Amino acid sequence: MRAMSEQWAIQIDVTNRCPHGCSNCTRLTRHVQETPYFMPVEQFREILRCAAPFPTESPPDPEGRTKVIGIIGGEPTLHPQFTELVDAIEELVPDRKHRGLWTSLGPIYREHQARCGEVFGFQNKNAHDKPCWHQPVAVAARELMDDTRAMWKLIWDCWLQTHWCGSITPRGVYFCEVAATWDLLLRPEAESLALPVTDHFWNRSMIDFHPQMKAYCPLCGLAMPLPRRRDTDRRDDITPGNLKLLTDALGHEPQDVVLFDPTGYRPETYADNWHPRRYREPSPDDVGNPQP
């Protein structure tokens with residue numbers, strides 16, 4: 001794992017609303033729609049104020065990528081004040097090359113396309129019109145592996161946290177976007193494990209994030225060699241324990257889930273042909289930095 005200061009981006013989740021509901025989305029968008037949010041603009045501006053020095057004052061990215069502060073979702077253009085968010089990041093992050101936008105396009109994006117081209121030096125455009133293969137998020141590592149030490153070794157080498165970045169939601173700061181998702185789904189806001197957004201929050205030690213890691217990494221399957229699912233299946237893979245957790249949290253059994261039997265799981269079964277970072281083929285619509 002990497003400390004937030006060593007990651008290549010800071011992602012601000014301005015909404016969890018999304019029109020797609022892809023299989024095994026890291027935001028579990030098929031289930032969080034019952035707890036939708038839109039980040040207030042003033043909160044977004046305060047996060048930007050605290051995050052603005054990150055691209056230039058944090059260590060260089062080990063993979064040579066230009067560091068960015070990103071707007072992401074859900075689908076960020078669904079935010080009813082998206083124009084104000086764009087104005088804010090232009091104002092508070094001075095250099096265009098350090099501004100990023102992650103979007104699934106669609107008609108709402110087209111309304112903002114020209115402005116986004118002016119403001120963002122990097123846009124990740126994934127219209128979900130090409131094959132994407134998503135690693136199971138809700139297949140719990142703790143249900144797959146009896147050997148806790150071996151489980152945590154795989155978790156510590158998690159490709160997503162190492163090559164991707166942390167997340168900031170209206171609740172606060174997380175070392176990983178999946179931790180942010182589980183926190184939203186499983187805990188009331190008063191019991192959230194999010195850390196506060198403060199000046200230079202991205203310089204926090206990983207020790208500060210240990211409560212998040214302890215609570216949420218064992219619920220996640222991203223670090224485990226597993227078969228992936230096509231995004232358009234519109235179903236989430238889930239283990240029995242996580243199904244109970246999610247059912248209790250939602251107050252009803254979630255729909256469109258596929259139960260994954262953890263009996264007899266062995267990482268080596270899938271390890272040889274497991275390349276989770278290659279979730280889709282490169283697209284000519286991508287400009288700027290490569291995929292994580």
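Predicted model only: the values in this text are computed from it and were never measured.
Counting heavy atoms from C-beta outward, Arg30 and Gln255 have side chains that stay 4.5 Å or more apart. Contact annotation: the side chain of Pro276 never approaches that of Trp133 to less than 4.5 Å [non-hydrogen atoms, C-beta and beyond]. In this structure, the side chains of Phe120 and Val86 come closer than 4.5 Å at one or more pairs of heavy atoms. Proximity of Asn16 to Pro36: side-chain heavy atoms (C-beta onward) are separated by under 4.5 Å at one or more points. Here the side chains of Leu243 and Thr247 are in contact, with some heavy-atom distance below 4.5 Å.
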- Chi angles and distances behind the side chain to side chain contact (heavy atoms under 4.5 Å, CB included) call for Arg235, Asn24: CA-CA 7 Å; Arg235 296 181 294 171; Asn24 295 336; over 6 Å; no
- Check step by step if side chain to side chain contact (heavy atoms under 4.5 Å, CB included) holds for Phe175 and Asp208. CA-CA 9 Å; Phe175 78 104; Asp208 294 334; over 6 Å; no
- Under the side chain to side chain contact (heavy atoms under 4.5 Å, CB included) criterion, do Glu75 and Thr103 qualify, and how do the steps go? CA-CA 6 Å; Glu75 170 48 52; Thr103 175; 3.0 Å; yes
- Go through the steps for Glu118 and Glu90 under the test side chain to side chain contact (heavy atoms under 4.5 Å, CB included), then give the verdict. CA-CA 9 Å; Glu118 295 172 356; Glu90 181 181 39; 5.6 Å; no
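For the pair Arg229 and Asp236, the salt-bridge criterion is not met [side-chain N within less than 4.0 Å of a carboxylate O]. Ion pair Arg45/Glu84 not flagged as a salt bridge, since none of the NZ, NE, NH1 or NH2 atoms sits closer than 4.0 Å to an Asp/Glu carboxylate oxygen. A salt bridge links Arg277 to Glu63: at least one charged side-chain nitrogen sits closer than 4.0 Å to a carboxylate oxygen. Ion pairing between a basic and an acidic side chain is recognised when a charged N comes within 4.0 Å of a carboxylate O; Glu177 and Arg27 show such pairing.
When each of Glu143, Arg142, Lys244 is paired with Thr239, the side chain to side chain donor-acceptor pair (under 3.5 Å) condition holds for Glu143 and for no other.
Gln11 and Trp164 share no side-chain donor-acceptor pair at under 3.5 Å. No side-chain N or O of Thr169 forms a donor-acceptor pair with one of Asp13 less than 3.5 Å apart.
Expressed to the nearest 0.5 Å, how far OH of Tyr216 lies from CG of Leu185 amounts to 9.5 Å. For the atom pair OG1 (Thr148) and NZ (Lys153), the distance works out to 15.0 Å, reported to the nearest 0.5 Å. For the atom pair CE (Met39) and CD (Gln81), the distance works out to 12.5 Å, reported to the nearest 0.5 Å. Remark: Cys165 SG to Met4 CE distance equals 8.0 Å, nearest 0.5 Å. The CD atom of Gln212 lies 7.5 Å from the OG atom of Ser192; values are rounded to the nearest 0.5 Å.
Hydrophobic cluster of Ile108: the remaining members, joined at side-chain heavy-atom separations below 4.5 Å, are Leu78, listed by chain and number.
Checked against ring-ring contact (aromatic ring centres under 6.0 Å, His included), His20 has the following partners two or more places apart in sequence or in another chain: His128.
Pairs engaging residues 21-58 under the ring-ring contact (aromatic ring centres under 6.0 Å, His included) rule: Phe38-His79, Phe54-Trp202 [sequence neighbours left out].
The local environment of CG in Asp146 is sparse, with at most 12 non-hydrogen atoms from other residues, nucleotides or ligands closer than 6.0 Å.
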